[in-house]
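Atoms within a ligand are numbered from 1 in the order they appear, just like the ligands themselves. Counting from 1, the numbers follow the sequence of the chain as shown. Source: prediction; values computed, not measured.
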Amino acid sequence: MSVAAHFSSDSSWFDQFSKPFIISGPCSAESEEQIMTTAVGLSHIPEVQVFRAGIWKPRTRPGEFEGLGAPALQWMKKAKEATGLKLTVEVAKPDHIEQALKNEIDMLWIGARTVVNPFSVQELAEALKGCTVPVLIKNPVTPDLRLWLGAIERIHKAGIVQLAAIHRGFHYFQKSPYRNAPMWEIPIELKRLAPQLPIITDISHICGKRELLQEIAQKAFDLETNGLMVESHYNPLLAKTDAAQQIAPEELRQLLAKLIIRSPSGDPKFESQLESLRTEIDKLDGELLQLLARRMEIVSEMGQYKHQNKITILQLKRWRHIIEDRMAIGEHLGLDKDFLLQLLEIVHQTSIKKQEEIFNKRTQDKAPETQ
Ligand code: PEP
Ligand code: MN
C-alpha cells in the first residue's frame, strides 16, 4: 500500500541545536540525588543538550516501579537551573502535559505504548492545542509505519509544527540480539516521506543491553540519524528500571568519542568517484529489473500451462530444490544467507501470486454467467 505524509513540520527549532544532537538522562526519575548527579555529569559532555527522565512510567505489569509523578518534575527544574540543559519528559495523558509545562519542561515525548493507540494520541493532541513546545513522537511498539505517521499527523493537526520522530525499534517475534529490532527500513521510509522531519535514534530501547550501544549508535549515524536518545544513570547498577541498558555519563562520553560521523557528501573528487559508482549501480539495477521481468513472463507462461494441465501452483519438491540450489550458488558468491533467503521467498511468493491471478482469471472466464 502506498503511503504519503500529510503534514509539513518546521525543523528550525531543531536546527538551532549543535550537532550531533544528544538527549540523555535516566530511564526514570528516582530521587533528587539521582537526577542532580546524573544531570551534572551529563552537562560536562558538550553534545548532550537535552536531559530526559521518565516521570510517569508505563510498566508492563502493575506493581513495578511506576515513576514518582509530578514531585519529580521539581528535581528536573532544579537540574535545568544547575546545568543549563533543556528538559524533556514522556507524556501519556493530558494531565502529564499540563504538569510538565507548568514545570518548564522544554519538549515533550510520546512513548511507544501510547503511539499504538490513536484514542490516546488524539487526547494528547487535543490537550496540546495552543501549546508551542516541540513534540517528539516515538515509533509504535509494532512495526507499522502508518500508525507512526498517523500519530505525527494527529499532533500536527493540533497545531504543533515543531516535531521530531524517535526511532526506538520494534517488537519482533523472531529471535534477535536486540530488545526491540531496529528494522532500519521503517525510519528510512519515514525519512523519504517526510525529509524535513528530524529522526532521533533511541539506541537504549533498541539495544536493551549496554554492550550493543556503540555498534547501534554508529549504525544510526551511518544511516544519517539526526541525533540520539541514550539512557544514562550516575550508577546504572542502582537503576530501578532498564538497568541493563543504562550507562554512566562517563561511558556516554567515551561512546561519543569513538563515533565516526561521516557527512552525506564529501569533496568534489570523492563526489565524482561516488557518482561513477552510482552510475554503475543504476545500470546493474536496470539489468536486475529486466531479468526479474523476464522471469515473471516465464512464471506466467508456466501458470497457464499448469492451469491447462490441472497441476497445482505450489510444487513443494521444486521449491525445496530451488532454495537449496540458489542458496548454494548465492553463498558461493559471498551473499548473506538471510538476504538470500528473504530474496528467494519474496520472488517465490510474488510468482505464486502471479499464477493465482492467472488461475482465477481463467476460471472466471470459463464460469457460466450468473443472473
Ligand atoms: C522510555 O523512553 O523510557 C520509554 C518508556 O520508552 P518507549 O516508549 O520507547 O518504550
Ligand atoms: Mn527506559
Side-chain angles (χ1 to χ4, degrees), residues 22-30 34-35 38-39 42 48 50-62 64-69 72-73 76 87-93 96-97 100 105 107-118 120-121 124 134-145 147-148 151-152 155 164-172 176 178-183 186-187 190 199-210 212-213 216-217 220 225 227-248 252:
I22 312 290
I23 300 175
S24 188
C27 177
S28 315
E30 299 167 359
Q34 174 235 19
I35 288 292
T38 310
L42 291 171
V48 177
V50 182
F51 182 62
R52 63 150 276 160
I55 306 296
W56 302 277
K57 296 303 296 178
R59 303 315 306 279
T60 306
R61 303 190 66 190
E64 295 175 344
F65 179 68
E66 294 191 332
L68 296 169
L73 288 168
M76 296 292 280
L87 301 175
T88 184
V89 300
E90 174 177 354
V91 290
K93 297 203 291 190
H96 298 165
I97 297 178
I105 300 296
M107 53 192 84
L108 307 173
W109 94 77
I110 305 181
R113 286 165 193 76
T114 307
V115 174
V116 281
N117 184 347
S120 302
V121 176
L124 294 180
V135 178
L136 284 47
I137 299 155
K138 287 209 180 189
N139 65 255
V141 180
T142 43
D144 186 341
L145 175 62
L147 201 52
W148 196 2
I152 300 169
I155 302 301
I166 303 179
H167 167 221
R168 51 78 80 196
F170 303 89
H171 178 74
Y172 189 51
S176 144
Y178 307 107
R179 177 176 176 188
N180 291 293
M183 299 185 171
I186 298 179
L190 178 62
I199 303 184
I200 292 159
T201 316
D202 171 351
I203 56 174
S204 304
H205 290 89
I206 291 178
C207 294
K209 34 184 176 303
R210 49 185 140 298
L212 299 174
L213 293 171
I216 287 291
T225 187
L228 300 182
M229 180 181 256
V230 191
E231 285 188 342
S232 57
H233 191 296
Y234 77 97
N235 184 349
L237 299 177
L238 301 180
K240 290 191 173 156
T241 56
D242 290 352
Q245 69 194 29
Q246 302 206 54
I247 50 174
L252 175 61

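- Remark: among candidates R168, R59, Q245, the nearest residue to atom 10 (O) of ligand 1 is R168, based on non-hydrogen atoms.
- Only the side chain of K57 comes within 4.0 Å of ligand 1, counting heavy atoms alone; its backbone N, CA, C and O stay farther away.
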Test side-chain contact (heavy atoms from CB on, under 4.5 Å) applied to M76 and I55, step by step = CA-CA 10 Å; M76 296 292 280; I55 306 296; 4.0 Å; yes
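- For atom 8 (O) of ligand 1, the closest non-hydrogen atom on the protein side is A112 N, 2.8 Å.
- On a distance-only criterion, R113 and ligand 1 share at least one N/O pair closer than 3.5 Å.
- Checked against E231 for a side-chain hydrogen bond (donor to acceptor under 3.5 Å, both in side chains), the options Q246, Q245, R210 give a single hit: Q245.
- Of all atoms in ligand 1, listed by their number and element, those nearer than 4.0 Å to a heavy atom of E231 are 1 (C), 3 (O).
- Shortest distance from the Mn ion (ligand 2) to D242 is reached at OD2 (N/O/S atoms only).
- To the nearest 0.5 Å, atoms CD (E90) and CH2 (W56) are separated by 9.5 Å.
- With hydrogens left out, the protein atom closest to atom 1 (C) of ligand 1 is H205 CE1, 3.2 Å, a heavy atom.
- Close approach to G111 involves these atoms of ligand 1, each under 4.0 Å from a residue heavy atom: 8 (O).
- For the Mn ion (ligand 2), the nearest N, O or S atom contributed by E231 is named OE2.
- Rounding to the nearest 0.5 Å gives a distance of 11.0 Å between CG of L108 and CG of L87.
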request  = Begin from the C-alpha positions of S28 and K240 and carry the test side-chain contact (heavy atoms from CB on, under 4.5 Å) through to its verdict.
outcome  = CA-CA 7 Å; S28 315; K240 290 191 173 156; 5.7 Å; no
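- Across R52, K138, R168, a single residue satisfies side-chain hydrogen bond (donor to acceptor under 3.5 Å, both in side chains) together with D202, and that is K138.
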key: side-chain hydrogen bond (donor to acceptor under 3.5 Å, both in side chains) evaluation trace for H205 with D242   = CA-CA 9 Å; H205 290 89; D242 290 352; 3.1 Å; yes
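- Here the protein heavy atom with the shortest distance to atom 6 (O) of ligand 1 is K138 NZ, 2.9 Å.
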